[in-house]
Amino acid sequence: VRLVESGGGSVQAGGSLRLSCAASGSGSSFNIKTMGWYRQAPGAQRELVVRVTTDGGLPQYADFVKGRFTISRDNAKNMMYLQMNSLKPEDTAVYYCNLYGGYWPGYEADYWGQGTQVTVSS
């Protein structure tokens, strides 16, 4: 499974960015449990931004992005997006696309993209 993020960049506070994640290589028998976005700021641990299950559950947003970020998917294109509005300097981080799943029950794993840098200036 390969995940490739794009769409990062530098914006001023209050601006917007849309991140994209392209998934490939999983095949039709791969069972995706959850998809989501994480981020990691310099010197900090990687943290959850938003995660959504593939069984129709509502997205789980971190409190610090609620009302500002929106996750979406285009299953036909194997794409996932993160619309980020009202960006703040504290949103500066490398953003990672994540997929959790596997081919057999009990053999699921996390898959990560290479990350895309988001820098928000004040």
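Predicted, not measured: the structure shown is a model, and the values here were computed from it. Atom set for the values below is all heavy atoms of this structure, side chains included, hydrogens, waters and symmetry mates excluded.
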Visitor: Apply side chain to side chain contact (heavy atoms under 4.5 Å, CB included) to residues Glu90 and Phe64 and explain how you reach the verdict.
Guide: CA-CA 10 Å; Glu90 50 264 44; Phe64 52 76; over 6 Å; no
Visitor: Taking all heavy atoms of Gly115 and all of Val94, pick out the closest pair and write down the distance.
Guide: CA-CG1, 3.7 Å
Visitor: Given the rule in the side chain to side chain contact (heavy atoms under 4.5 Å, CB included) test, do Tyr103 and Asn31 qualify, once you have shown the distances and angles that lead to the verdict?
Guide: CA-CA 6 Å; Tyr103 290 99; Asn31 183 26; over 6 Å; no
Visitor: Would you say that Cys21 contacts Met79 through its side chain, given a criterion of any heavy-atom pair below 4.5 Å between the two side chains?
Guide: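 No, too far: nothing below the 4.5 Å cut-off.
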Visitor: How long is the span from the CD atom in Gln114 to the CH2 atom in Trp112, to the nearest 0.5 Å?
Guide: 13.0 Å
Visitor: For residues Thr92 and Val118, determine if any side-chain heavy atom of one lies less than 4.5 Å from a side-chain heavy atom of the other.
Guide: no
Visitor: With side chains defined as the heavy atoms from C-beta onward, is the minimum distance between Trp37 and Arg51 less than 4.5 Å?
Guide: no
Visitor: Nearest 0.5 Å, please: how far is CG in Asp55 from CD1 in Ile32?
Guide: 12.5 Å
Visitor: Given side chains that start at C-beta, do those of Met80 and Ile71 come closer than 4.5 Å, heavy atoms only?
Guide: yes
Visitor: Any heavy-atom pair between the side chains of Arg46 and Tyr96 that's under 4.5 Å?
Guide: yes
Visitor: Taking the six-membered ring for Trp, are Tyr111 and Phe30 ring centroids under 6.0 Å apart?
Guide: yes
Visitor: Check Gln117 against Ala93 and note the closest heavy-atom contact, atom names and distance.
Guide: NE2-O, 3.5 Å
Visitor: Please step through salt bridge (charged side-chain N to carboxylate O under 4.0 Å, His left out) for the pair Arg68 and Asp91, ending with a clear verdict.
Guide: CA-CA 11 Å; Arg68 300 189 298 125; Asp91 293 319; 2.7 Å; yes
Visitor: Are any side-chain N or O atoms of Thr116 and backbone N or O atoms of Tyr95, one a donor and one an acceptor, separated by less than 3.5 Å?
Guide: no
Visitor: State, yes or no, whether a side-chain contact exists between Leu82 and Val50 at a heavy-atom distance under 4.5 Å.
Guide: yes
Visitor: With heavy-atom distances below 4.5 Å as the criterion, would you say the side chains of Tyr38 and Cys97 are in contact?
Guide: no
Visitor: Check Leu19 against Met84 and note the closest heavy-atom contact, atom names and distance.
Guide: CG-CE, 3.8 Å
Visitor: Does the ring of Tyr81 carry Arg73 above it, NZ/CZ under 6.0 angstrom from centre and within 45° of its axis?
Guide: no
Visitor: With heavy-atom distances below 4.5 Å as the criterion, would you say the side chains of Leu3 and Glu5 are in contact?
Guide: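 No, every pair of side-chain atoms sits at 4.5 Å or beyond.
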Visitor: Going through the checks in order, is the side chain to side chain contact (heavy atoms under 4.5 Å, CB included) test met by Ser16 and Gln83?
Guide: CA-CA 8 Å; Ser16 298; Gln83 179 65 44; 4.0 Å; yes
Visitor: Do you know which two heavy atoms are closest between Ser122 and Pro89, and how far apart they sit?
Guide: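 What the structure gives for the nearest pair is CB-CG, 3.9 Å.
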Visitor: Kindly give the heavy-atom pair with the smallest separation between Gly102 and Glu108, and that separation in Å.
Guide: N-CG, 3.9 Å
Visitor: Which value, rounded to the nearest 0.5 Å, describes the distance between Thr53 atom OG1 and Tyr100 atom OH?
Guide: 13.0 Å
Visitor: Look at the side-chain heavy atoms of Ile, Leu, Val, Met, Phe, Trp and Tyr, link any pair under 4.5 Å apart, and say whether Leu58 and Val52 land in one connected group.
Guide: no
Visitor: Before giving the answer on side chain to side chain contact (heavy atoms under 4.5 Å, CB included), spell out for Thr34 and Thr54 the whole-Å C-alpha distance, their side-chain angles and the decisive distance to 0.1 Å.
Guide: CA-CA 6 Å; Thr34 67; Thr54 56; over 6 Å; no
Visitor: Within this structure, what is the CG-OG1 distance for the pair Asn85 and Thr70, rounded to the nearest 0.5 Å?
Guide: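 Interatomic distance, Asn85 CG to Thr70 OG1, rounded to 0.5 Å: 6.5 Å.
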Visitor: How long is the gap from OG on Ser121 to CD on Gln12, to the nearest 0.5 Å?
Guide: 5.0 Å
Visitor: First locate atom CG of Asp110, then atom CG of Leu99, and finally report the distance between them rounded to the nearest 0.5 Å.
Guide: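 Answer rounded to 0.5 Å: 8.5 Å.
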